[in-house]
There are 2 protein chains.
Amino acid sequence: MLKTERQAYILRQIDLHNRILSSDLSTEINVSEDTIRRDLNELADMDKIIKVHGGALSKSFHSSFLKSDVYQADSKRLIAQKVVPLIRNNMFILTTGGTTIIEMARILPPDLNATFFTGSIPAAHEYAQHPNIEVIFLGDKISKSSQIAVGGEAISKISGIKADLCIMGINAIDETGITDNDWEVIQVKRAMIQAAEKTIVLSIAEKVNTHQKLMICGLDEVDTMITELDPSHNLFESYKKHGITIL
Amino acid sequence: MLKTERQAYILRQIDLHNRILSSDLSTEINVSEDTIRRDLNELADMDKIIKVHGGALSKSFHSSFLKSDVYQADSKRLIAQKVVPLIRNNMFILTTGGTTIIEMARILPPDLNATFFTGSIPAAHEYAQHPNIEVIFLGDKISKSSQIAVGGEAISKISGIKADLCIMGINAIDETGITDNDWEVIQVKRAMIQAAEKTIVLSIAEKVNTHQKLMICGLDEVDTMITELDPSHNLFESYKKHGITIL
DNA sequence: CATTTTTCTGCAAATTCTTGCAAGATAATT
DNA sequence: AATTATCTTGCAAGAATTTGCAGAAAAATG
């Protein structure tokens, strides 16, 4: 990794999280802490960040008191961390939008080389930041309620894809399957599951064993489910029986 | 392999991967690293790439790296204010991306009822916030350097549109016409101008009477030009002679 | 105030860069 | 066609950069 690249990555991480630890960056990028510290000092000299003992802060730190108002952000970050290892180089990956997916997009390792398909503007935006990821946007008409592309164009584009993974944030899952409450979104999600070899669903535990009005698919279409809880939690018994891997 | 050929190859690789190592190129093309380095330096002198220790980066990479705050934000806000009145209800409008366009998107009156087409993720995102605007995203493959959709898919989608207005942020304009420096972006912008009845170009005054390498169109294709200056400024004399309305 | 963590300093190894130079290729000129 | 000038490329040696490491200094923590 080139020095400039590394510093750009650091800057981006600081923009994203408002603060970072030298030690975290060190293990993340796989360079010594000295190097990170020198980078941070250089960036601080350039007035791009604020260097503090043990790490650095975003210059607009004051605004970070407003914090992001993402519900259960910590859980979602945890889920995101569990997904990342499943993504390998050269994969074709279909994803939905949703805050958990965004969180995932942000922590994808910088050297990952993959193609991401999505109909979500925020997700596409995040993927596009990444140095080695190819982004394909699916569809044309954008639904305001869900901030994703919907309609026949999106569906037909998705159908034309043979993806390795479908990574999907969901709203409700129970023994009968995955459900949602937006007709247009349902269509898109169904098409995505069809188009991918494996389907990974992401959900905070709170949504497990709940259901909504519209069915997306049965449990047999799901390969892996990821929540913030430990996989051994007894909440997942019935899902395991359906052959779903819990992470 | 000829020098020019080699440099074209290098440029293409950088466009493709956003970054390259001198050593990789050396083994790839089978010339000494010195030669690669000299090539990179030449390309950097021509402002086509960013040379860094150990290799080079795409120019766009650097701009997103510097990002911080918007250059001449005040001017751009002023320009945005001048555009808004030109947009009427029920219009079909093609727009590019760019910070000026984003600024415009933010101040669109809430009761405006129109359909916006764009290939820019940030622009689409802004439009999607608006209560009464319909957003159509153009294209699928997203170029990291420009953050817009590029390629045949985008072009053909644009060609299928008959829009009332094309509102375009530009990089350079002089007596010969509008120019830019990114081949893929050129294609998209050209298609947009073709597909729209009227073309409005937005530019900060600093860019007026400058030019870049690649031609988008002549002045006769432009209907209106908007800058932050007063329309009576003598900078615009020659443009007025070409029948362009200055605002 | 003792312990742990982080930072600073100097140093060494590896890599990359610069520079001058020479040989070959290409272009220009007579 | 011959000669001269210019360009291109590879090589080598010294300079500069980058990075990791070790030990001392400084800061944070309880």
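Residue numbers begin at 1 in each chain, while the letters A, B, ... track the order of the sequences. Worth knowing before you read on, the calculation uses all heavy atoms, side chains too, and leaves out hydrogens, waters and symmetry mates.
Looking at heavy-atom distances under 4.0 Å, B:D39 makes no contact with the nucleic acid at all.
With sequence neighbours left out, A:D164 forms a salt bridge (charged side-chain N to carboxylate O under 4.0 Å, His left out) with no residue at all. With sequence neighbours excluded, the residues forming a side-chain contact (heavy atoms from CB on, under 4.5 Å) with A:R37 are A:E33, A:D34, A:N41, A:K51, listed by chain and number. Residues satisfying the side-chain contact (heavy atoms from CB on, under 4.5 Å) criterion with A:S203, sequence neighbours excluded, are A:I170, A:K207, A:V208. Partners of A:A196 by side-chain contact (heavy atoms from CB on, under 4.5 Å), not counting sequence neighbours, listed by chain and number: A:L94, A:A163, A:C166. Residues meeting the salt bridge (charged side-chain N to carboxylate O under 4.0 Å, His left out) test with B:E42, sequence neighbours left out: B:K3. Partners of B:Y239 according to the ring pair (Phe, Tyr, Trp, His ring centres under 6.0 Å) rule, which considers only residues two or more places apart in sequence or in another chain, do not exist here. With sequence neighbours excluded, the residues that form a salt bridge (charged side-chain N to carboxylate O under 4.0 Å, His left out) with A:R106 are A:E126.
Within residues 28-36 of chain A, the residues approaching DNA chain C are A:D34, by heavy-atom distance under 4.0 Å.
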Close N or O pairs between protein and nucleotides 26-28 of chain D (under 3.5 Å):
none

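Separating the CG atom of A:N41 from the C1' atom of D:dT19 is a distance of 15 Å, rounded to the nearest angstrom. Remark: P of D:dC21 and CZ of A:R37 are 13 Å apart, rounded to the nearest angstrom. Regarding A:Q7, its CD atom lies at a distance of 13 Å from the C1' atom of D:dT19, rounded to whole Å.
Here chain B contacts DNA chain C (any atom closer than 4.0 Å to a heavy atom, that is under 4.0 Å), and the contacts span C:dT16 to C:dT19 from 5' to 3'.
Closest of all the heavy-atom pairs between A:A123 and A:G97 is CB-CA, 4.5 Å.
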For this session: Could you check B:E237 against B:K241 for salt bridge (Lys or Arg N to Asp or Glu O under 4.0 Å), going step by step and ending with a plain yes or no?
Result: CA-CA 7 Å; B:E237 283 311 323; B:K241 273 186 203 133; 5.7 Å; no
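Looking only at atom types and distance, the side chain of B:N171 has a donor-acceptor partner in the side chain of B:D180 under 3.5 Å away. In the model, B:T35 has a side-chain atom that pairs as donor or acceptor with a side-chain atom of B:S32 under 3.5 Å.
An angle of 40°, rounded to 10°, separates the two end axes of the helix from C:dC1-D:dG30 to C:dT30-D:dA1, each defined over five pairs.
Within the 3.5 Å criterion, the main-chain N or O of A:T199 finds a donor-acceptor partner in the side chain of A:D223.
Nearer to the 5' terminus of DNA chain C, by closest-nucleotide assignment, is the contact made by A:G54 (compared with the other of A:G54 and A:R38).
Residue pairs that meet the ring-ring contact (aromatic ring centres under 6.0 Å, His included) test with at least one member in residues 24-49 of chain B, sequence neighbours left out, do not exist here.
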